[in-house]
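Single-structure report; data block below.
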Number of protein chains: 2
Amino acid sequence: MSTLAQGKADLERASTAQKVADMLRERVLDGELAPGLRLSEEAIGGALGVSRNTLREAFRLLTRDRLLVHEHSRGVFVRRPSGDDVRDLYAARRVIECGALRLWNDVTEAQREAVRAPVRQAVARAEKNDWTRAGQANIQFHRAIVGLARSTRLSDESDRLFAELMLAFRVAQEINDFYQTYVPWNRRIVELLNNGAVDQAVDQLLEYFDAAEQDLVGRLEAE
Amino acid sequence: MSTLAQGKADLERASTAQKVADMLRERVLDGELAPGLRLSEEAIGGALGVSRNTLREAFRLLTRDRLLVHEHSRGVFVRRPSGDDVRDLYAARRVIECGALRLWNDVTEAQREAVRAPVRQAVARAEKNDWTRAGQANIQFHRAIVGLARSTRLSDESDRLFAELMLAFRVAQEINDFYQTYVPWNRRIVELLNNGAVDQAVDQLLEYFDAAEQDLVGRLEAE
DNA sequence: ATCGTGGGATTGTTGAACGATTCTACGATA
DNA sequence: TATCGTAGAATCGTTCAACAATCCCACGAT
């Protein structure tokens, strides 16, 4: 059964543009292509061995994901989120994640466990000072919160928001610093949820967003 | 001042692909291009006088907006939303709009008025049996609710959800029928908001979503 | 120091080309 | 008669080459 699904996934393999977009997405998210950098069609296309047309399709995909920005007749650039972008981003997250978290009592146990597990993982990794992977667990935590809503459209959009936020973190050079404070915060949220105090958990999540936004915006607008 | 902004908007005019995409979007939304229809690259490109490459970029844009679906080596088709799509759509709307509506007491008076006005408009148009434009006012109502969050990202995504929902309405041939029931519903919601009963307004909104989803899914899965 | 004004580089769009994939219709086989 | 397989037509995926439009930069004029 799973082999069938696997085979189908292979059959419906991505187009060249899709594959190029995936590769570029990784490079952007891991910082190899720094925010603000201009991506030359000729240089990238030559390096990857694809034609300009195909490359431009890949650019369109990433532009739609807000990882790249397109300026007419000037080219595409790796996005450099501004303070206003971050405020916009957190306004969206507040609505989506708090709204989804309020569904806590209406969802399956499997969904609830998907929220708890990443927090345990983040705690364990934080104790080992593995902040990179602790950060990944944090994202999983928030993805699972959105997942409570059971809407692929909402989850997909949230993934785009998370990716954009990663860029903002990079610009603010805040990859590891801030992660130390959110771990206990998430722990508290899960604790409140387990005690049935959903409203208080939502309040905690809101406070977390306030703190994170303020910190990030501050660093972004400092320069 | 506004003329300057207007001029700037004109200067930063869309690319050819963007303009083609806008034109096709209209045709899809007003039903001229029916759900399920296949869009031939050659036919459309020839009729519009643009090259295949440019047209394909336009298709990509609309695919990203979920108005078209792309099938490898088969072409692009006007999306035909399924019952599952509608369920997914409403799950997202529940989270977004209810979450945004809870901000009622934290926003400016101008934002609140932007929510009330479309309802008055819808009532007036409904009395004149102008259901098409009453439906447009309804969408404005829901757009304004999302606007309470003050996030362009959230508003943009919601616009995509609304557009997709319009397609579902078309498939269900429910353009005008259902509109008669939501007008009084929206009226009640605004009344509750004006009385400061935000939580009850959210509950009413949820019930409205339940009813609308059930009705739409029922018609969609009937065929 | 500011303001044209070029040349050079890059993007925007087109058209043609060819392999790969899908669709269609026809005929073979049971 | 119904199913299956196959050849041919139509369409898509991708590349390449070309040229106009636009932007960037440096140089010189005022």
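Naming: A, B, ... by sequence-line order, numbering from 1 per chain.
- For Asp130(B), the side chain to side chain contact (heavy atoms under 4.5 Å, CB included) partners are Arg125(B), Thr132(B), Arg133(B), not counting sequence neighbours.
- When each of Arg79(B), Arg170(B), Arg25(B), Arg80(B) is tested with Glu164(B) by the rule salt bridge (charged side-chain N to carboxylate O under 4.0 Å, His left out), just one qualifies, namely Arg79(B).
- Summarising the geometry, the separation between NE2 on His70(B) and P on dT21(C) is reported as 14 Å, rounded to the nearest angstrom.
- Among residues two or more places apart in sequence or in another chain, the ring pair (Phe, Tyr, Trp, His ring centres under 6.0 Å) test is passed with Tyr208(B) by His142(B), Trp185(B).
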Validation: residues 81-88 of chain A side-chain donor-acceptor distances under 3.5 Å, sequence neighbours left out:
unit_1, atom_1, unit_2, atom_2, d
Ser82(A), OG, Asp84(A), N, 3.4
Ser82(A), OG, Asp85(A), N, 3.2
Ser82(A), OG, Asp85(A), OD2, 3.3
Asp84(A), OD1, Arg87(A), NE, 3.4
Asp84(A), OD1, Arg87(A), NH2, 3.0
Asp85(A), OD1, Arg153(B), NH2, 3.1
Asp85(A), OD2, Ser82(A), N, 3.0
Arg87(A), NH2, Glu221(A), OE2, 2.8
Asp88(A), OD1, Ser151(B), OG, 2.8
Asp88(A), OD1, Thr152(B), N, 3.3
Asp88(A), OD1, Arg153(B), N, 3.1
Asp88(A), OD1, Arg153(B), NH1, 3.1
Asp88(A), OD2, Thr152(B), N, 2.7
Asp88(A), OD2, Thr152(B), OG1, 2.9

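- Distance CD (Glu42(B)) to C1' (dA10(D)): 9 Å, rounded to an integer number of Å.
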Scan nucleotides 16-23 of chain D nucleotide by nucleotide, 5' to 3', and note B when protein non-hydrogen atoms come under 4.0 Å of the base, S if they reach only the sugar-phosphate, - if neither.
B-B---SS
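- Applying the side chain to side chain donor-acceptor pair (under 3.5 Å) rule to Ser73(B) yields no partners; only residues at least two apart in sequence or on another chain are considered.
- Qualifying salt bridge (charged side-chain N to carboxylate O under 4.0 Å, His left out) partners for Glu41(A), counting only residues two or more places apart in sequence or in other chains: Arg52(A), Arg56(A).
- Side-chain N/O atoms of Thr54(A) include one lying less than 4.0 angstrom from OP1 or OP2 on dT15(D).
- For Asp156(A), there are no salt bridge (charged side-chain N to carboxylate O under 4.0 Å, His left out) partners, not counting sequence neighbours.
- For the pair Glu41(B) CD and dT14(C) C1', the interatomic distance rounds to 15 Å; values are reported in whole Å.
- Listed by residue number, the members of residues 55-66 of chain B with any heavy atom below 4.0 angstrom from DNA chain D are Arg56(B).
- Qualifying salt bridge (charged side-chain N to carboxylate O under 4.0 Å, His left out) partners for Arg64(B), counting only residues two or more places apart in sequence or in other chains: Asp65(A).
- When the P atom of dT11(D) is taken as reference, atom CG of Leu39(B) falls 13 Å away, rounded to whole Å.
- Here the C1' atom of nucleotide dA10(D) and the CD atom of Glu71(B) are 17 Å apart, to the nearest Å.
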